[in-house]
Amino acid sequence: MSTPKTDLSSLNTKQQEAVVCQDNRVLVLAGAGSGKTKTLLQKIIYLIEEKGVSPSSILAITFTKNATNEMIDRLIMAADTSGSYEQILFSKSYSKPEKDQERYRQQKKYKWIDALTIRTFHSFCYGVLRTDGVKQFDNQFKIIGDEKKQEEDEWSKYIAPETVFEVFHKLIIEQCEDNQYLLSLKRYVLDYLVDKIHIPKNDVLQPKDGKFFTTLDGTRVRSKSEQFIADWLYRHSIKYQYEPLLKAIDFDFRPDFYIPEANLYLEHVSDKSFPTADKEKQFEKGKLLFVKTYDSMTHDSALFNHTLDKIIKNRLPANYHKNVSLSFQEEFNGYLEYIKDFVQQIMRITDMIKVENQSTEDVLEKARKDQHERIRNFYELAIPIVDEYMRYTVNKSYLDFNDLIATCASLYKNHDDILKKYKAKYQYILVDEFQDVNNLQVDLIKLMLTEQTQLFCVGDDWQSIYGFRGSNVDYIIDFEKHFPNSNIIKLDQNYRSTQNIVGASNEVIKHNKFKIEKSIHSHKKSEHKIVVYSGSTEQENVDFCFKKVNELFSEGLHPDDILFLYRRSKMFYNYFSKFKKKDIKVQGKTIHASKGLEAKAVFIVGLTEGHGGFPDIWLEDRIFQVIKTANRDLLLEEERRLFYVALTRAKEKLYLITEKGNESSFLKEIPETYTIKTSESMKLNDADAINCKNCNAQLEKLWIACPYCGEKV
């Protein structure tokens, strides 16, 4: 089957420039809705049809399986002159497995499509390691993921019998066979996950009895130094009573500790203690054995350990048992949810260590210098588990998704014969969504390049929204630094959205400093301004959206034409509940999940300021800053890019839903010329807007002529 002819006439000037460009390093900066996939596919067809390039020498890399399938689908549709495949693809009569099967059949039918390598990063590396990776790793490896894969998932048949979480959890239990590790872990869990002693007391619900600290055996005590004493007793398997009632000769009171087997009372004195003179007289009158310890002793833990050893151990029976084996299940009974949190934190730092290409030794050394005890303690507990996890996965022939890329890169670095094979095979490397690449992925790409290889990357720095999972926007913004002698082509025509939507989104992104300057314009005349609705309550907002959705239905829109977007899933709950109750079916997506989607009408809800709103700047736990330092300004810029992505999903109508008096600061970045602001009291209807009778563009009330076509108002 022959390839379709390159149709340059269907491309604008900039798209044509990108398709025919012969430079060896090219970045196509494709603004939202600018036809980047079309340009990428036409590039492939142009290389094969016009330049005589063998399809087998072309590698196209995507980020998701859906993007891969879309690319293959569009190539098949370009080749299939009958149009039958397009009918099957968009028909609701065929199930997903049936469509997948038809895609596979059509791909085999068109030999030039089948000869292309169109893969996700992970899928490509998987193939390399299965085929040629035996020198680097067991080529019968299995993929270990964060969760069990569904049967229809592309990785399901290669998946390991256990998840990443299960392995880490198992390794922690094994590590806890060492009593010292177990008790150190329990101390960390109690202090920082249960009692949260690192958080100011005003921010945490505190017990009214003043007992803020939990000991290793679950007793609540009043001070950190009392906790130290209780833990020392517990570690040495010495039973004790905390604040028992002592019926003395003259009055009753509660000494701090009583150790029955030593028949010893212990009073711990701090600057918060009440005077002890009267108590001491009662001990003397009752001929009771007691000792005093002081808060100042705890400043030197070794000295305090020695002091307790001398005071207590000498008073125990000679045959007293000192060592008792401890059990993970018994020690953490009631705290397993906190262990789950701890495991998830270790999983996160393991991913970060891999993506940032750091060694565990360097991370631990850096953590040991941190000013905070909590951070130092966490890494002392975590790094041995991370090291053991890496040994375990190698031993079991497991690779996680980061390992796939890192191991493939390592194969190339260590085995020149394998690298030469792939350099010779792929003379044309095309990368989609380049703004989402991370350090590992760029390292892999660079290894495969020669001076003759053509690298063709497509992306948009304005839509880089995955920094939280390791992507590095610097690679696209400073493309020329990472890939010298490159040509940058900007696709600046938006084919998706109206002028008001494009204009508003341009103005918002201008507030970012770390970006490439672009001037995106729309060829679609604005029929509607952006509606900014600010209700006094969330219920007002829900009711407004419900009313608008029904109006849109009456105008002929279908549920699939309407998209609700939100920063966090909880923002959509009340909307979903109302629509479900009224049996209305509203596409709801987080903005991250909406990437690549579009709809005729888009509602962005939850546009409030501050905690729980949008922007939602979340400076993560300092634990993660040890590996990668977060910058608040850059986090704000990523939030703004996320807002830009949300705005540019809308094709025709856009509704921004906020709260009166608590509007998101992002809304203030949209010039009023693009918006109509309304609230419940104003009762805005789209009918209130004035439209040009000739071109239907939305007009301002004071205009005497349409600025788009010149028609008099």
Side-chain angles (χ1 to χ4, degrees), residues 25-34 36 40 61-64 67 120-121 351-352 354-358 402 405 430-446 455-484 486-492 505-520 567 590-596 614-620 624-625 627-649 666 669:
R25 304 289 182 263
V26 179
L27 171 63
V28 179
L29 275 171
S34 64
K36 74 172 179 66
L40 194 64
I61 303 179
T62 66
F63 271 84
T64 65
T120 64
F121 273 104
D351 270 344
M352 292 179 72
K354 290 179 179 181
V355 170
E356 298 303 318
N357 199 21
Q358 298 183 26
N402 283 323
I405 300 172
L430 296 82
V431 185
D432 193 19
E433 304 287 7
F434 190 76
Q435 74 279 351
D436 295 333
V437 291
N438 64 27
N439 301 344
L440 293 176
Q441 291 156 344
V442 171
D443 190 27
L444 183 78
I445 292 167
K446 286 181 175 179
L455 175 67
F456 185 85
C457 300
V458 181
D460 182 9
D461 61 302
W462 294 5
Q463 297 186 72
S464 178
I465 58 173
Y466 292 112
F468 68 94
R469 68 182 189 200
S471 71
N472 188 344
V473 71
D474 181 70
Y475 287 119
I476 191 167
I477 291 178
D478 286 331
F479 188 83
E480 291 166 291
K481 181 181 78 176
H482 299 288
F483 301 95
S486 54
N487 184 1
I488 296 180
I489 300 168
K490 300 177 183 179
L491 304 187
D492 53 8
S505 60
N506 282 346
E507 291 299 319
V508 166
I509 210 70
K510 279 181 183 176
H511 289 77
N512 273 9
K513 293 177 182 176
F514 195 53
K515 68 180 186 300
I516 301 175
E517 295 297 337
K518 297 190 289 287
S519 178
I520 309 297
R567 179 66 180 87
T590 64
I591 302 170
H592 283 102
S594 76
K595 189 85 165 35
F614 186 26
D616 182 9
I617 300 179
W618 186 35
L619 278 166
E620 290 188 289
F624 305 116
Q625 311 296 312
I627 302 169
K628 186 178 182 181
T629 304
N631 179 301
R632 192 185 184 282
D633 291 340
L634 293 182
L635 290 173
L636 176 60
E637 293 209 353
E638 179 151 319
E639 287 293 297
R640 190 175 282 111
R641 292 195 294 269
L642 196 59
F643 187 48
Y644 174 85
V645 167
L647 294 173
T648 54
R649 299 310 93 197
F666 284 162
E669 297 175 359

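Atoms considered below: every heavy atom in the structure, side chains included; atoms not considered: hydrogens, waters and symmetry mates.
- Ile445 has its side chain within reach of Leu455: a pair of non-hydrogen atoms, C-beta onward, lies under 4.5 Å apart.
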Between Lys510 and Glu669, is the salt bridge (Lys or Arg N to Asp or Glu O under 4.0 Å) condition met? List the steps.
CA-CA 9 Å; Lys510 279 181 183 176; Glu669 297 175 359; over 6 Å; no
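- Relative ring orientation between Phe643 and Phe666 is described as parallel, the plane-to-plane angle staying below 30° on a 0-90° scale split at 30° and 60°.
- Side-chain N or O atoms of Lys515 include one that pairs as donor or acceptor with a backbone N or O of Asn512 at under 3.5 Å.
- Separation of atoms NE2 (His482) and CZ (Arg25) is listed at 14.0 Å; rounding is to 0.5 Å.
- When all heavy atoms of Arg641 and Asp461 are compared, the closest pair comes out as CD-O, 3.1 Å.
- The minimum heavy-atom distance between Ile617 and Leu635, with the atom names listed, is CG2-CB, 4.0 Å.
- Between Ile516 atom CD1 and Leu29 atom CG the span is 4.5 Å, to the nearest 0.5 Å.
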Tell me, with the steps shown, if Glu638 and Arg640 meet salt bridge (Lys or Arg N to Asp or Glu O under 4.0 Å).
CA-CA 5 Å; Glu638 179 151 319; Arg640 190 175 282 111; over 6 Å; no
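- Heavy-atom minimum distance, Val355 versus Gly470: CG1-O, 3.9 Å.
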When you look at His592 and Arg567, which way does the side chain to side chain contact (heavy atoms under 4.5 Å, CB included) test go after all the steps?
CA-CA 8 Å; His592 283 102; Arg567 179 66 180 87; 3.7 Å; yes
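- Taking CG of Asp432 as the start and CZ of Phe63 as the end, the distance is 8.5 Å to the nearest 0.5 Å.
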Run the numbers on Cys457 and Leu27 for side chain to side chain contact (heavy atoms under 4.5 Å, CB included), then give the verdict.
CA-CA 5 Å; Cys457 300; Leu27 171 63; 4.1 Å; yes
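- The distance from the CG atom of Leu636 to the CG atom of Asp616 is 11.5 Å, given to the nearest 0.5 Å.
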Please evaluate residues Asn402 and Asp351 with respect to the criterion side-chain hydrogen bond (donor to acceptor under 3.5 Å, both in side chains), reporting the C-alpha separation (whole Å), side-chain torsions for both, the decisive distance (0.1 Å), and the verdict.
CA-CA 7 Å; Asn402 283 323; Asp351 270 344; 3.0 Å; yes
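- The cationic atom of Arg469 (NZ for Lys, CZ for Arg) lies less than 6.0 Å from the six-membered ring centre of Tyr466 and within 45° of the ring axis.
- Listed here is the closest heavy atom pair of Ala67 and Thr62: CB-CB, 4.0 Å.
- In this structure, Lys481 contributes its side chain and Asp474 its backbone to no donor-acceptor pair below 3.5 Å.
- Side-chain contact check for Leu642 versus Phe614: some heavy-atom pair is nearer than 4.5 Å.
- Considering CG of Asn357 and CG of Leu440, their distance stands at 6.5 Å, rounded to 0.5 Å.
- Taken to the nearest 0.5 Å, the CD atom of Glu639 stands 12.5 Å off from the CG atom of Leu634.
- The two residues Ser519 and Asp492 have their closest heavy-atom pair at O-CB, 3.2 Å.
- Separation of the His511 and Tyr644 ring centroids does not fall under the 6.0 Å cut-off.
- Counting heavy atoms from C-beta outward, Ile61 and Leu430 have side chains that stay 4.5 Å or more apart.
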What verdict does the side chain to side chain contact (heavy atoms under 4.5 Å, CB included) test give for Phe434 and Val431, after you've listed the backbone C-alpha separation in whole Å, the side-chain angles of each residue and the deciding distance to 0.1 Å?
CA-CA 6 Å; Phe434 190 76; Val431 185; 3.9 Å; yes
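- Both cation-pi conditions hold for Lys518 and Trp462: the charged atom is under 6.0 angstrom from the six-membered ring centre and inside a 45 degree cone around its axis.
- For the residue pair Gly31 and Ser34, the shortest heavy atom distance occurs at O-OG, 2.6 Å.
- Applying the side-chain hydrogen bond (donor to acceptor under 3.5 Å, both in side chains) test to every pair with at least one member in residues 433-442, sequence neighbours left out, gives these pairs: Lys36-Glu433, Glu356-Asn439, Glu433-Gln435, Glu433-Lys595, Asn439-Tyr475.
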Quick one, Val26 with Val28, criterion side chain to side chain contact (heavy atoms under 4.5 Å, CB included). Give me CA distance, side-chain angles, the key distance, then yes/no.
CA-CA 6 Å; Val26 179; Val28 179; 4.1 Å; yes
